[in-house]
Each structure stands twice: as C-alpha cells, then as structure tokens.
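The structure appears right after this line, and notes come after that.
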Number of protein chains: 2
Amino acid sequence: MLDLSRLRTLRAVAVHGSISGAAAALGYTPSAVSQQIAKLERETRTTLLERHARGVTLTGDAEHLVAAAGQLLAVAQEAEARLEERRGRPSGTLTVASSPTAVRGLLPGALAKLTSAHPDLTVRTIEALDHACAELVAQGVADLGLAHDAELARLPVPSGLERTLIGEDPVEVCLPAAHSLAPRTVLSREDLVGVDWITPPPGAVCHDWVQLTMRGLGHEPVLAHQASEAASQLALVAAGLGVVLVGRLGRGPLPDGVVSIPLEPAPMRQVHALWRSGTGRRPAVTEALRLLLQEWRDLGYESAGRPTT
Amino acid sequence: MLDLSRLRTLRAVAVHGSISGAAAALGYTPSAVSQQIAKLERETRTTLLERHARGVTLTGDAEHLVAAAGQLLAVAQEAEARLEERRGRPSGTLTVASSPTAVRGLLPGALAKLTSAHPDLTVRTIEALDHACAELVAQGVADLGLAHDAELARLPVPSGLERTLIGEDPVEVCLPAAHSLAPRTVLSREDLVGVDWITPPPGAVCHDWVQLTMRGLGHEPVLAHQASEAASQLALVAAGLGVVLVGRLGRGPLPDGVVSIPLEPAPMRQVHALWRSGTGRRPAVTEALRLLLQEWRDLGYESAGRPTT
DNA sequence: TCCGGCTTTCAGCATCGCTTCACGCCACCG
DNA sequence: CGGTGGCGTGAAGCGATGCTGAAAGCCGGA
C-alpha cells in the first residue's frame with residue numbers, strides 16, 4: 001500500500017528538483033530522503049529517479065505518483081480540516097506564511113491572542129516574500145498566507161486559493177534628511193523620477209511597484225541597492241544612498257537622518273490573507289482571520305475587512 | 001498527517017463492527033488493532049470509539065474519517081493500478097475472491113498459467129459465497145471476483161463494479177440411485193416439486209434458485225439439509241436424504257449411489273468475473289480475465305466470453 | 001588533475017508496531 | 001448471585017523501521 005509520508009517526500013523532490021533541496025524543505029537529511037525514495041521504488045517496483053552526477057530527474061512513473069500524491073494529500077488535509085470543523089474550535093497546527101512587515105506588525109498580537117485562547121492549537125510562522133507566501137499556501141506548506149498587493153503590482157493568486165482583505169496601508173517615501181526633496185510635506189510620483197531607489201528583492205510587492213510605476217511615467221528606475229530587511233534599507237537611506245518606499249505596517253521608528261513624506265495620491269498597499277479553499281471553514285483559519293482583522297483595527301489604521309474574493 | 005494504514009484499520013473496524021473482527025480480517029491481533037486506533041485517536045485528538053462491555057461503536061468523527069479513508073484508499077489503489085498499467089505487465093498482488101466451485105474448477109489452471117508467466121505477480125485466493133465475492137471486490141479486499149448468477153436468482157452487483165461473463169454452466173440434479181426419479185433420463189422442474197432439497201447456505205446462487213423456482217411453481221420447497229461443501233452435499237444425497245443441484249464446473253466424480261440427471265429446459269448457471277471500475281485496465285486483471293476465458297474453453301464447456309456489462 | 005556539489009551506502013541507535021500474556025469489564029446463564 | 005465467556009486494553013519483549021552522521025562514489029567544471 002502506498003504510504004502518504006513517502007509520497008510527500010517524493011513530491012518535495014519534484015518541487016525542489018533535488019534530493020538535498022527536498023531534505024532541507026522537510027527538515028531531514030539528504031540521506032533520509034534518498035532512503036525513502038529508494039524504499040518507495042522497491043515498494044512500487046519502479047524506477048522513480050534518474051540519477052546523474054548533478055542531481056536527479058523524475059521518471060514518468062514518478063510524475064504520475066506525484067500527481068496522485070497531490071490528490072491524496074489534498075483529500076487528507078481536507079479530512080483533517082473537517083475533523084477540526086466538527087470539533088468547532090481551533091486545534092492541530094496552523095502554519096502562517098507572512099511577508100516580513102506583517103510578521104512584526106500584525107502577527108505577534110494576533111497569534112498571541114490565538115494561542116492563549118486555544119491551547120490545543122500549535123502555531124508556526126514562515127517569513128517569506130509576498131509571491132512566495134502565496135506559493136507556500138498553494139503547496140500546502142502553509143495554511144494561511146499574509147501578502148501585500150498593490151495597484152499596478154497585483155499579487156498573482158494561484159488557483160484553489162481564496163483571499164480576503166485585512167486592511168489597506170498607505171505607502172510613504174523615506175529619504176535622507178539632506179535630500180533636496182526632504183523639506184516637502186507631500187510628494188507626487190513625478191517628483192521621484194530620477195532618484196536612486198532602495199528596494200527589497202524581486203518577489204516583494206514594493207519592488208514591483210517601484211519598477212512599474214516609474215516605467216509608467218516613462219522612466220526606467222535606478223534600482224541602486226537591494227536589501228530585504230527594513231532596518232538595512234533605512235540604514236542605506238540614512239547614509240544618503242537612495243530612497244525607499246515603506247508602509248505604515250511594521251515600520252519602526254525612523255533612524256536619525258531619515259524623513260518620511262506622504263505621496264499624493266497615496267499608493268495603497270493592501271494586506272491580504274490567503275488560504276486554500278478546502279480549509280476555509282477550518283476553525284483555526286476563521287479564528288485567525290477574525291483576530292487579524294481585529295488586530296488591524298486595534299492598530300488604528302483605516303479601512304479594513306472589505307472582503308475581496 | 002493522516003496515515004493510510006491506520007485509516008484502513010479504522011475502516012475495517014467500521015465494516016466488521018468490532019475490534020476483534022477487524023483484527024481477524026486484517027490478520028492482526030485485537031491488541032494491535034486496539035493500539036492502532038488509540039494512536040489514531042491521539043494523532044487526531046478525537047474520540048473514535050465508544051467502548052461498551054460488548055464491543056464498540058463508532059463516533060461521528062470516526063464515521064467521517066471512515067468516509068475519508070474510503071476516498072483515500074480508492075485514490076491510492078487507482079494510482080497503483082495506473083502504475084502497473086504504465087509498466088504494461090502484471091505485477092504486484094492480485095487477490096481473487098471466488099465461489100468454491102470456481103476455486104477448484106477454474107482457478108487452479110488459470111492462476112498457474114498467470115503466475116508462471118508473470119513471476120512479479122503475487123496471487124491470493126479467498127473462497128467465499130457468491131454474494132460475498134461481490135462485496136469483497138467492492139470493498140477492495142479482493143481485486144477480482146468469480147461468482148455465479150442465474151436466471152431468477154440474479155447476483156446483485158454493487159455500484160462501482162464491472163463484470164463480464166466467463167461462461168455458462170448447465171445445472172443438473174443429483175439424486176439417490178434409489179430415488180423414484182432416478183431412472184429418468186431427463187427431468188422437468190415440475191418433477192421436482194415435493195422433493196427434499198439439499199442446498200448450500202443462503203448467499204449462494206443455487207440456494208436462491210431452488211427457493212425462487214419452486215415458489216414460482218406454487219410450492220414452498222423443503223430445504224431439508226444445508227451444507228456448503230459439495231462433497232458433504234453428495235454424501236447426504238448418497239444417504240438418500242434429498243436431492244441437490246450441481247453445475248458441471250468443479251463437480252468431481254459422483255460417489256456410488258448418486259446419479260445426475262439433466263433438467264429440461266436446462267437452467268444455466270453463469271460464471272461472472274467482477275472487478276472495480278478503477279482497476280479494469282490493470283494488466284493483472286485483464287490478463288487474469290483472458291486466462292480464465294481460455295481455461296473455460298479448454299475445459300470444453302459451451303458458450304463463453306460474451307461480455308455482459 | 002583536483003575540487004565541489006550531489007547522491008548513495010553503511011553502521012549505529014532510537015522509535016515504532018507487532019505479538020504474547022495477563023487483566024478488567026460486563027452480559028448472559030445456570 | 002456467582003461463574004463464564006467474549007471483548008477490549010495494557011505491559012513487556014523483540015524484530016523492523018527510519019532517522020543521523022561519516023564516508024565514499026560520481027561527474028562537470030576550473
């Protein structure tokens with residue numbers, strides 16, 4: 001009989017393209033994954049991987065098993081979700097994939113309330129860039145995703161996923177206090193043509209937004225520096241090396257030598273929650289959504305809770 | 001993550017209604033099944049069984065898991081069947097549920113050819129009455145069923161199953177040599193009104209046929225003796241205790257004091273093969289069907305191979 | 001030719017999951 | 001009312017499973 005756990009490792013090998021990649025993703029050693037695949041090959045009397053010096057590729061039989069694994073894991077997850085639904089209160093494990101700003105700005109409060117109210121529930125967090133969050137949820141690695149979305153830089157939502165709006169966050173420009181634009185109380189997009197940009201890596205909504213907005217004005221932006229951590233970005237700004245876009249959510253106090261100026265019209269960065277359709281009625285998911293919306297309100301930002309499936 | 005093997009155990013408990021029944025069916029001890037269920041309860045944080053002094057009953061959560069288990073096992077079996085189909089030759093395990101006459105009359109030759117031609121294939125046999133054969137196939141315990149079917153005593157075919165006709169077997173009457181009808185060369189149904197019948201247990205087609213045919217003539221048959229083994233039935237006939245219907249298939253030499261007389265018109269007992277729709281293209285199944293039809297031809301009986309889905 | 005990333009193999013060890021045996025429970029029956 | 005038997009559970013034991021870490025094999029690229 002096929003073993004779900006082994007099928008899951010095979011699927012991980014397919015997704016990551018290598019034994020060691022799958023091992024890292026699953027938290028095993030490559031040795032363990034290799035042995036599991038070998039055992040699966042023995043059990044099914046097939047050859048699943050073609051080994052070459054530089055990694056492995058899947059055979060047709062393996063592709064077929066991966067497809068079956070997808071079905072099986074989806075059915076199994078759905079069954080577990082319904083079990084929790086029958087119980088009526090959050091339990092099991094809820095894995096949240098979240099963009100960094102939400103990890104510090106939104107999650108701590110919401111997850112603290114969630115776990116203290118429901119001791120049966122185990123919560124895990126994975127910090128990832130916006131696009132990756134959606135992928136992690138779609139793949140079943142995470143159950144709930146928190147990702148940004150903005151006009152002009154729409155977040156692609158994989159099929160089988162649903163989402164709702166948690167809130168909208170106005171984005172401002174942080175620039176060096178010595179910058180020629182620093183004295184202004186408000187800036188337009190056109191004012192920013194020609195500045196040196198500091199951006200997060202591709203895959204974050206702010207990166208795409210800068211690129212697409214500036215191109216829309218007819219100018220290719222200069223993406224001078226790339227830093228994923230917000231503190232690093234601000235340090236670069238303080239050193240006068242460029243300007244950066246930051247939302248209110250999760251933004252700490254600004255370091256000396258950095259000023260923040262609103263844009264007019266203000267670009268809104270939307271925070272969306274994402275989940276697989278099959279798990280939408282799982283209490284852990286609905287309760288987490290409720291607490292995230294409440295947390296957003298408590299933080300005192302503006303609009304929240306308009307559903308946008 | 002749910003474990004397929006444990007879900008299968010839970011399903012066995014549901015089907016058999018008790019831990020020990022499930023254990024017997026799965027080839028484990030009751031203790032092992034009890035421990036598996038207990039572990040499943042811990043993993044899912046649910047209560048699956050209500051224990052009373054005289055056995056167990058399933059909770060709602062358990063019923064739900066059983067339904068999911070059905071889905072999962074079906075998908076897994078289908079995936080394995082397709083794997084074998086890709087390979088193009090029989091392999092894995094083929095479990096055949098068969099009525100007793102076919103076990104001795106048809107299976108030995110066909111299965112011998114099957115296993116010698118395909119050493120990768122493991123074959124298992126389960127002897128069961130006609131109705132039970134169909135159930136075993138439907139439940140996934142067996143992959144192929146061989147069961148009888150007759151006019152007036154139609155074999156119910158559970159949904160999700162397909163079937164084909166292997167052959168038709170004329171049924172004759174065996175009666176004591178001293179019986180008043182023994183000198184006859186042919187008998188009609190009406191001749192048999194009022195005789196004492198020896199039948200297999202309910203669930204075998206011959207049992208139902210006797211009952212329904214005699215009732216159709218307006219007489220309630222006297223089911224005087226019940227014996228499942230053919231040799232036992234014939235011994236009862238030899239002792240002058242009644243008459244019995246037997247087909248040609250799997251009928252050994254008649255003991256002294258027993259004669260066999262054809263009926264006119266001859267009631268035909270049809271031998272059908274049954275399998276789950278999902279496994280119809282599995283090479284082990286198609287090859288077994290081919291060899292069963294060939295075996296039937298080699299035995300020299302008449303009609304064979306007319307498909308009757 | 002060596003290096004480096006990848007996979008596999010091997011030995012060791014913890015864990016799992018089975019069996020056996022013993023026990024507790026309660027309906028049933030004398 | 002107490003014995004009996006079927007049923008489920010729990011502890012001990014033991015083989016199988018499945019992980020880790022070390023080491024070796026393989027092959028493309030410098």
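Note that the structure is predicted; figures quoted are calculated from it, not measured. Quick note on labels: first sequence line is chain A, next is B, and so on, each numbered from 1.
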I want to check one thing: is the phosphate of [N], taken as OP1 and OP2, less than 4.0 Å away from some side-chain N or O of [X]?
X       : N      : value
A:Thr29 : D:dC19 : no
A:Ser20 : C:dT7  : yes
B:Lys39 : C:dC16 : no
B:Ser34 : D:dG10 : no
B:Arg51 : C:dG24 : no

Examine distances only and state if a side-chain atom of A:Arg276 and a backbone atom of A:Ala142 form a donor-acceptor pair shorter than 3.5 Å.
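Yes, the answer is positive, given that a donor and an acceptor are paired below the 3.5 Å cut-off.
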
Given atom [atom1] of [X] and atom [atom2] of [N], what is their separation to the nearest angstrom?
X       : N      : atom1 : atom2 : answer
B:Leu10 : D:dG8  : CG    : C1'   : 16 Å
B:Gln35 : C:dC21 : CD    : C1'   : 13 Å
B:Gln36 : D:dG10 : CD    : C1'   : 16 Å
A:Arg6  : D:dC19 : CZ    : C1'   : 13 Å

Enter the distance from A:Leu72:CG to B:Met1:CE here, rounded to the nearest 0.5 Å.
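Result: 11.0 Å between the selected atoms.
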
Hey, does the side-chain of A:Ser31 have a donor or acceptor N/O within less than 3.5 Å of a partner on the base of D:dG21?
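Result: at least one qualifying N/O pair found.
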
Carboxylate-amine/guanidinium proximity below 4.0 Å for B:Asp120 and A:Arg45:
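Looking at B:Asp120 and A:Arg45, the cut-off is not met.
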
Given B:Lys39, B:Gln36, B:Gln35, the one that forms side-chain hydrogen bond (donor to acceptor under 3.5 Å, both in side chains) with B:Thr9:
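Going through the options one by one, the only one that passes is B:Gln36.
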
